[in-house]
J.: 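The structure under discussion is supplied below as structure tokens; questions concerning it will follow.
The sequence lines fix the lettering, A, B, ..., with proteins before strands; numbering per chain opens at 1.
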Amino acid sequence: MPELAEVEFYRKQWDLGLQQVLVGLELHEKRRVFRKCDLQILRDLSGKTFQRSRALGKKLEFAFSGDLFLGIHLGMSGGLRSEPPQFSSESHDHLVLRFSKCTLVYRDPRMFGLVICQKGRESGDWFSNSGPEILSDAFTLPLFHQYVKRKADWGVKKFLLDQAFFPGVGNWMADEILWQCGLNPAIKTGVLSEGEVSNLRCKTRVICRTALRRIGEKYDDVPKGWLFHERWSGKGICPIHSIPLEKTVVGGRTSAWCPKCQPFRTGPGMAVKKAV
DNA sequence: ACCCCTGTTCGGCG
DNA sequence: CCGCCGAACAGGGG
């Protein structure tokens, strides 16, 4: 489930443990999510203070005293939550952090997620990204044009899913952006008009900002009128045209799109505006 | 029962 | 050697 805003929501679930000392740690070390984790460093977290956390795209980083960092990627089905001190872990709770006032739990049934541990002043190479965050000042229009130029022969859906360019954007966000831009997911980025490129960047930022504000605060608070609500309901209907959505595999992922809002084409087009 | 999946990596193939 | 694509990972939900 977790994309940009859901990741932020889950990050906050662990805020209850901030500035507290980790008094106990339970883990199922054989599980797949620890496949890249240094278990020695992970166990060293015991007795340390949970100082701060941050998110970058779909990655989460939790900083502890002693220059220790815990990194988590939630994969397809991961989630974080806080429980009372006396909580007993359940079958998919792979990592359980005990504090005096709360218990922080990492759960992931499908185990596509990842736990990383590092020691050092810097949080290390895992928690970093080649490009700027979508909502940062560095995510400029000229930079966006460079991206488009570099991937001119990519379908725009595949383009949006590239984490190096769009950290945090996942399948549903990409579909939301394309629908609100009136762009078919299979259109090559090189074919977009100047206005469409500019609109694509703008809508991407607005949707990220709105999603962070709403979903980041309350998991299921998805803005009314968004394609999201129709995406996987048995018969998805375009909120604008009330006609069935198409479901096709584009860029390796199932995509939902409206044939009226998002007609396919192979040549230059005009910028499309839509108010949602 | 069967088919689907909001992510990422890897190996085969052209 | 490179890029694209499907498979694989593993379990839950419709």
Side-chain angles (χ1 to χ4, degrees), chain A residues 1-11 13 28 30-37 55-60 71-81 89-95 106-116 125-131 134 150-180 185-186 188-190 204 207-208 210-212 214-216 218-223 226-236 244-257:
Chain A
M1 301 153 79
E3 299 181 22
L4 185 74
E6 290 97 342
V7 168
E8 173 63 8
F9 174 85
Y10 283 128
R11 185 189 68 80
Q13 302 311 298
H28 300 273
K30 296 290 193 186
R31 297 199 179 156
R32 209 181 118 78
V33 293
F34 296 108
R35 63 197 179 278
K36 294 194 177 172
C37 184
L56 174 54
K58 295 171 189 166
K59 294 172 190 163
L60 286 164
I72 296 182
H73 190 297
L74 297 170
M76 286 283 256
S77 55
L80 306 180
R81 68 189 195 278
S89 68
E90 293 150 16
S91 63
H92 299 297
D93 298 333
H94 310 304
L95 181 64
Y106 161 61
R107 173 188 160 89
D108 185 356
R110 292 177 74 181
M111 294 187 285
F112 289 6
L114 202 57
V115 176
I116 293 287
D125 46 344
W126 182 77
F127 191 83
S128 59
N129 202 67
S130 49
I134 295 166
R150 277 163 60 182
K151 303 295 181 184
D153 60 338
W154 280 24
V156 66
K157 168 81 179 245
K158 179 181 159 83
F159 180 62
L160 287 174
L161 288 175
D162 189 325
Q163 297 300 294
F165 295 158
F166 305 100
V169 171
N171 208 14
W172 80 255
M173 288 190 89
D175 281 1
E176 190 71 47
I177 292 163
L178 293 172
W179 176 70
Q180 292 195 27
K188 306 287 187 202
T189 66
T204 298
I207 288 167
C208 285
T210 306
L212 276 172
R214 303 275 297 266
I215 302 166
K218 189 167 175 290
Y219 196 87
D220 54 5
D221 185 22
V222 182
W226 277 21
L227 185 72
F228 180 95
H229 302 286
E230 299 291 333
R231 244 183 132 282
W232 300 124
S233 57
K235 37 141 191 48
L245 299 172
E246 295 284 334
K247 308 273 177 70
T248 54
V249 174
V250 182
R253 313 298 304 283
T254 305
S255 303
W257 50 281

J.: Would you kindly compare A:S91 and A:R32 by the position of their nearest DNA chain C nucleotide and give the one closer to the 5′ end?
T.: A:R32

J.: Within this structure, what is the CH2-to-C1' distance between A:W154 and C:dC2, rounded to whole angstrom?
T.: 13 Å

J.: Determine the Euclidean distance between corresponding P atoms of B:dC4 and C:dG6; express it in Å to zero decimal places.
T.: 15 Å

J.: Please determine whether side-chain contact (heavy atoms from CB on, under 4.5 Å) holds for the pair A:L178 and A:V156, giving the CA-CA distance in whole Å, both sets of side-chain angles, and the decisive distance to 0.1 Å.
T.: CA-CA 8 Å; A:L178 293 172; A:V156 66; 3.5 Å; yes

J.: Considering only nitrogen or oxygen atoms on both sides, find all protein atoms under 3.5 Å from nucleotides 8-14 of chain B and state each distance.
T.:
{"residue": "B:dT8", "atom": "OP1", "partner": "A:H73", "partner atom": "NE2", "Å": "2.7"}
{"residue": "B:dT8", "atom": "OP2", "partner": "A:K58", "partner atom": "NZ", "Å": "3.2"}

J.: For the residue pair A:H94 and A:R31, confirm or rule out a side-chain donor-acceptor distance under 3.5 Å.
T.: yes

J.: Can you find a side-chain donor-acceptor pair between A:W257 and A:T248 that sits under 3.5 Å?
T.: yes

J.: Test A:W226 against A:W179 for side-chain contact (heavy atoms from CB on, under 4.5 Å), laying out the working first.
T.: CA-CA 9 Å; A:W226 277 21; A:W179 176 70; 5.6 Å; no

J.: Measure from NZ or CZ of A:K59 to the centre of the six-membered ring of A:W126 and say whether it is under 6.0 Å with the direction within 45° of the ring axis.
T.: yes

J.: How close or far is atom C1' of C:dA8 from atom CZ of A:R35, stated in whole angstroms?
T.: 12 Å

J.: Starting at atom CG of A:L245, determine the distance to atom P of B:dC4, rounded to an integer number of angstrom.
T.: 18 Å

J.: Counting only side-chain nitrogens and oxygens, does A:T254 get under 4.0 Å of the OP1 or OP2 atom of B:dC5?
T.: yes

J.: May I have the distance from A:K247 (atom NZ) to C:dG14 (atom P), rounded to whole angstrom?
T.: 15 Å

J.: Which nucleotide in the set C:dG12, C:dC9, C:dC4 lies at the smallest distance from any side-chain heavy atom of A:D153?
T.: C:dC4

J.: How long is the line joining CZ of A:R107 and C1' of C:dG11, in whole Å?
T.: 10 Å

J.: Please assess A:F166 against A:M173 for the test side-chain contact (heavy atoms from CB on, under 4.5 Å), listing each intermediate value before the final yes or no.
T.: CA-CA 11 Å; A:F166 305 100; A:M173 288 190 89; over 6 Å; no

J.: Give a yes or no on whether the backbone of A:L227 and the side-chain of A:E176 come within a donor-acceptor separation of less than 3.5 Å.
T.: yes

J.: Please, what dot-bracket string fits DNA chain C when only Watson-Crick and G-U pairs with both distances under 3.5 Å count, crossing ones use [ ] and pairs to another strand use |?
T.: .||||||||.||||

J.: Would you please say whether a donor-acceptor pair under 3.5 Å links the side chains of A:S255 and A:K157?
T.: yes

J.: Counting the atoms with a prime plus P, OP1 and OP2 as sugar-phosphate, which does A:G170 contact under 4.0 Å by heavy atoms, base, sugar-phosphate, or nothing?
T.: sugar-phosphate

J.: Rounded to the Å, how far apart are A:R150 CZ and C:dG3 C1'?
T.: 16 Å

J.: Could you give me the CA-CA distance, side-chain angles and deciding distance for A:D93 and A:R81, then say whether salt bridge (Lys or Arg N to Asp or Glu O under 4.0 Å) is met?
T.: CA-CA 10 Å; A:D93 298 333; A:R81 68 189 195 278; 3.1 Å; yes

J.: Without decimals, in angstroms, what is the distance between A:M76 CE and C:dG13 P?
T.: 14 Å

J.: Counting the atoms with a prime plus P, OP1 and OP2 as sugar-phosphate, which does A:M111 contact under 4.0 Å by heavy atoms, base, sugar-phosphate, or nothing?
T.: sugar-phosphate

J.: Measure centre to centre between the rings of A:F228 and A:W172, then say whether the value is under 6.0 Å.
T.: yes

J.: Between C:dC4, B:dG7, C:dG11, which nucleotide gets closest to the side-chain atoms of A:E3?
T.: B:dG7

J.: Looking at A:W172, does any N or O in its side chain come under 4.0 Å of the phosphate oxygens OP1/OP2 on B:dC5?
T.: no

J.: Quick check: on DNA chain C, is the nucleotide nearest A:P109 upstream (toward 5') of the one nearest A:K158, or the reverse? Name the residue that is more 5'.
T.: A:K158

J.: Mind calculating the distance between CG (A:N171) and P (B:dG7) to the nearest angstrom?
T.: 6 Å

